[in-house]
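Here's the structure we're looking at; comments come further down.
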Amino acid sequence: MRFSKYFLPTLKEDPSDSDIISHSLSIRAGLIRKVASGIYTFLPLGFKILKKIENIIREEMNDAGAIEIFMPVMQPAEIWQQSNRWYEYGPEMFKLVDRNERDFCLGPTHEELITTMASSDIYSYKDLPVNLYQIQVKFRDEIRPRYGLLRAREFIMKDAYSFGASEEDLDKDYDAMYATYAKIIERIGLKYKVVEADTGLIGGKFSHEFMILAKNGEETIAYCDECRYAANFDNAKFNIRPFPVSDAAGLNEGLKDIKEIHTPGIKTIEDLTNFLTQPPQNIIKTIAVKNNEGDVFAFLLSGDRTLNLAKAEKFLKTSLELINEDNNIYKLPLGFIGPLGLKKEISVYGDYSIQKRSNLIAGANKIDYHFKNININRDFEVKGWGNFSYPVPGDLCESCGRELEYDKGIEVGHIFKLGTKYSTKLNGKFLDKDGKLKPYIMGCYGIGVTRMMAAAIEQSHDEKGIIWPKSIAPFLISLIATNMSENKIKEAAGSAYEMMLSKKVQVLYDDRDISAGIKFKDSDLIGIPIKMIFGKKFLQNEIIDIEYRDDASKTEIKLNELEDFVKNL
RNA sequence: CGGGAUGUAGCGCAGCCCGGUUAGCGCGCAGCGUUCGGGACGCUGAGGUCGAGAGUUCGAAUCUCUCCAUCCCGACCA
């Protein structure tokens with residue numbers, strides 16, 4: 001492609017309405033333009049990259065035996081009402097009405113549609129298992145679209161749905177998709193981690209998320225290199241770190257007498273640590289929660305930890321909300337709550353992080369007062385112990401005992417075992433060998449295609465711009481003629497361009513009659529892996545400079561070596 | 001939806017607090033000339049409903065109100 005004939009508008013400055021690197025770079029490099037919040041046009045360069053990502057996905061999916069189909073964006077309301085997600089999804093679904101006042105939605109996902117389709121065309125165990133996928137636009141009216149392509153309202157997803165006759169079928173497909181997803185990301189050439197995740201709204205037994213590692217990632221991953229465990233931060237299993245001896249005030253001093261201390265207006269752990277010059281680990285954080293029935297519970301944690309509500313809910317088998325000014329049915333003195341002197345109706349549960357501690361500080365259940373030297377069992381009882389917090393630095397891998405490490409990531413893929421959730425609701429049944437009618441056992445597997453593009457930028461860029469991995473780079477070679485008014489340069493670069501075209505090398509020839517600096521800057525900004533420069537050195541000695549985008553390394557080749565160089569790319 | 005901020009030329013911004021002729025600057029864009037390996041220079045020029053509507057005023061980009069859009073922080077997700 002000749003730059004002068006292409007449509008590739010680049011910007012020198014960051015756009016004012018983007019804060020995240022992948023967003024501003026994809027606008028500056030001329031990949032996308034914003035149409036409305038969370039809605040984008042793909043310009044030629046961005047579209048090219050998208051197609052490359054899609055093709056890698058398509059090839060690997062096909063290799064894994066999945067079969068491509070194409071379903072509509074617009075879907076009738078009935079099937080969503082049948083699965084009840086018309087209501088569960090709620091305002092997150094774009095809904096519309098046709099001229100006959102029938103309800104439709106713009107598909108946020110396609111479980112309903114494909115299950116309905118399967119139910120009328122797959123009747124026999126002989127047709128199973130089968131794995132169907134598509135690469136399609138999805139619509140989700142996100143509460144808050146943000147970060148450009150990372151959370152858009154219209155985005156492209158590869159979604160696959162497997163139908164099996166048995167759990168074994170599902171396991172096989174699930175494992176195949178797991179391996180395929182890993183292969184896809186490896187082929188694209190990005191660093192990633194697979195984590196155990198929550199199943200969320202889509203439902204099902206368990207799931208894995210594929211995370212592209214990036215500093216600005218939305219998700220925190222807790223992992224252990226020793227035993228290869230990795231999980232979402234919220235979900236991570238861990239053992240409480242051993243209490244550091246240097247912090248161990250009172251560990252060996254025996255139990256001291258309780259003292260009430262005046263702490264006017266000191267409500268937060270942070271204020272308290274400053275006021276008393278004590279580490280937060282010596283303070284009991286007491287978090288009050290309530291369930292729908294109006295039962296109130298108190299969870300005690302080490303002051304440096306945060307209550308993981310999901311863990312508390314699992315433990316108590318009830319859904320919970322934090323107590324605040326609005327739902328404070330017992331009028332608890334927020335900021336000064338503690339285990340000692342609580343109402344009898346409130347059951348107290350302890351996090352392992354304080355189990356073996358003594359002489360701690362806690363709220364006195366009286367405004368502006370705390371207690372010193374509180375001791376478990378001597379001063380109050382705990383109804384149950386558990387792990388109720390998020391991990392903190394130093395916490396240990398549950399299976400091997402090594403310290404957990406943390407990384408930031410962007411979720412680009414998610415695979416689920418759905419089981420019979422949708423087949424049951426949408427009448428997706430087949431006749432099995434034993435002559436019995438059974439629901440399909442399903443799995444679903446998604447990759448965010450447009451998100452993958454943004455995640456790649458997020459992982460791979462520098463202050464000059466994007467650094468594309470070769471696999472998805474829009475062009476492999478950026479051919480730069482530094483001075484178009486030098487005929488020798490212009491002609492040599494022109495014939496090099498023609499030669500590479502004939503050899504099917506993907507080359508962007510910057511033939512614009514502008515200063516060389518702009519060409520270098522643009523080339524770096526849009527992230528083409530190799531710069532091939534015809535300039536001064538060519539005029540003098542027929543030397544062509546080769547410069548690599550990723551590590552900025554350089555080599556020189558002579559004109560007569562050019563064909564060989566191109567051959568070995 | 002709650003909290004915070006912003007809307008002035010294609011892009012990035014100043015002007016607004018303290019109202020007063022033709023609304024500025026940089027980049028980009030067009031023409032001419034000079035330059036030519038890391039965002040060159042000179043001259044000339046085009047380009048604006050000051051987010052929208054209403055109000056206050058002799059007079060509004062500037063003050064008031066309403067609305068809209070966009071971005072950031074929280075619950076959701078590929």
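Protein chains get the first letters and strands the later ones, always in sequence-line order, with residue 1 at the start of each.
Sequence order on RNA chain B of the closest nucleotides to Arg153(A) and Glu219(A) puts Arg153(A) first from the 5' end. Nearest-nucleotide mapping onto RNA chain B: of Thr10(A) and His23(A), the residue sitting toward the 5' end is Thr10(A).
The distance between atom CD1 of Ile480(A) and atom C1' of rG37(B), rounded to the nearest whole Å, is 9 Å. The OH atom of Tyr40(A) sits 19 Å away from the P atom of rA78(B) (whole-angstrom rounding). As a whole-Å value, the separation of Ile514(A) CD1 from rG28(B) P is 10 Å. Remark: C1' of rA75(B) and CD of Glu92(A) are 10 Å apart, rounded to the nearest angstrom. Separating the CD1 atom of Ile20(A) from the P atom of rC72(B) is a distance of 8 Å, rounded to the nearest angstrom.
For Leu11(A), taking side-chain heavy atoms from C-beta onward, the closest of the listed nucleotides rC11(B), rA78(B), rC73(B) is rC11(B). Closest approach to the Met157(A) side chain among rC72(B), rA78(B), rG37(B) is made by rA78(B) (side chain taken as heavy atoms from C-beta onward). Of the candidate nucleotides rG38(B), rA40(B), rA78(B), rA78(B) has the atom lying nearest to any side-chain atom of His414(A). Each of rA78(B), rC71(B), rG39(B) was ranked by its minimum atom distance to the side chain of Asp522(A); first place goes to rG39(B). The side chain of Lys521(A) sits closest to rG39(B) out of rC72(B), rU70(B), rG39(B). Listed nucleotides: rC71(B), rG26(B), rC76(B). Nearest to the side chain of Glu218(A): rC76(B). Distances were taken from every side-chain heavy atom of Glu547(A) (C-beta onward) to each of rC11(B), rA78(B), rG38(B); the shortest belongs to rG38(B). Nearest nucleotide to the Ile533(A) side chain, out of rU70(B), rA40(B), rG37(B): rG37(B). When the nucleotides rG74(B), rG37(B), rA78(B) are ranked by their closest atom to the side chain of Phe155(A), rA78(B) comes out on top. Listed nucleotides: rG38(B), rC13(B), rC77(B). Nearest to the side chain of Arg140(A): rC77(B).
With ring centers used as reference points, Tyr178(A) lies under 6.0 Å from His208(A). Aromatic ring centres of Phe388(A) and Phe315(A) lie closer together than 6.0 Å.
For rC71(B), the paired nucleotide is rG4(B), the pair qualifying as Watson-Crick or G-U wobble because both relevant distances are below 3.5 Å. As the counterpart of rC76(B), no nucleotide is assigned, since no Watson-Crick or G-U wobble pattern has both distances under 3.5 Å.
Across rC17(B) and rC63(B), the matching P atoms stand 5 Å from one another, rounded to whole Å. Of the P atoms belonging to rU8(B) and rG48(B), the separation is 15 Å, rounded to the nearest Å. A distance of about 15 Å separates the P atoms of rG59(B) and rA54(B), rounded to the whole Å. Spacing between rG55(B) and rG19(B) at atom C1', rounded to whole Å, works out to 15 Å. Annotation: rC11(B) and rG4(B) have their P atoms spaced 28 Å apart (nearest Å). Here the separation of rA61(B) from rA52(B), taken at their C1' atoms, is 14 Å to the nearest Å. Rounded to a whole angstrom, the distance from the P atom of rA9(B) to that of rC13(B) is 11 Å. Here, rC41(B) and rU35(B) have their P atoms 15 Å apart, quoted to the whole Å.
Contact annotation: Lys531(A) does not reach the phosphate of rG38(B) (side-chain N/O to OP1 or OP2, under 4.0 Å). Distances shorter than 4.0 Å separate some side-chain N or O of Ser16(A) from OP1 or OP2 on rC13(B). Phosphate contact (OP1/OP2 of rG39(B), side-chain N/O of Lys12(A), threshold under 4.0 Å): absent. A sub-4.0 Å separation between OP1 or OP2 of rA78(B) and a side-chain N or O of Thr450(A) is absent. Applying the 4.0 Å criterion to OP1 and OP2 of rC71(B), one finds that Arg144(A) has every side-chain N and O outside that range. Taking side-chain N and O atoms only, Tyr147(A) has a distance below 4.0 Å to OP1 or OP2 of rC73(B).
Surrounding CZ of Phe47(A) are at most 12 heavy atoms belonging to other residues, nucleotides or ligands under 6.0 Å away.
Taking only distance into account, the side chain of Ser485(A) meets the base of rC36(B) through a donor-acceptor pair shorter than 3.5 Å. Side-chain atoms of Arg451(A) and base atoms of rC77(B) include a donor and an acceptor less than 3.5 Å apart. The base of rG12(B) has none of its N or O atoms less than 3.5 Å from a complementary donor or acceptor on the side chain of Asp14(A). Residue-to-nucleotide contacts include a donor-acceptor pair under 3.5 Å from the side chain of Arg151(A) to the base of rC76(B).
A salt bridge links Arg549(A) with Asp462(A): the closest approach of a Lys/Arg side-chain nitrogen to an acidic carboxylate oxygen falls below 4.0 angstrom. The residues Lys95(A) and Asp103(A) are annotated as not salt-bridged, no charged nitrogen and carboxylate oxygen being separated by less than 4.0 angstrom. Taking the charged nitrogens against the carboxylate oxygens, Glu186(A) and Lys183(A) have no contact shorter than 4.0 Å, which rules out a salt bridge. No salt bridge links Glu111(A) with Lys421(A); every basic N to acidic carboxylate O contact stays at or beyond 4.0 Å.
Put simply, the residue from Tyr174(A), Phe210(A), Tyr445(A) that forms a ring-ring contact (aromatic ring centres under 6.0 Å, His included) with Tyr181(A) is Phe210(A).
Under the stacking criterion of a centre-to-centre distance below 5.5 angstrom and an interplanar angle below 30°, Phe520(A) is not stacked against the six-membered ring of rG37(B).
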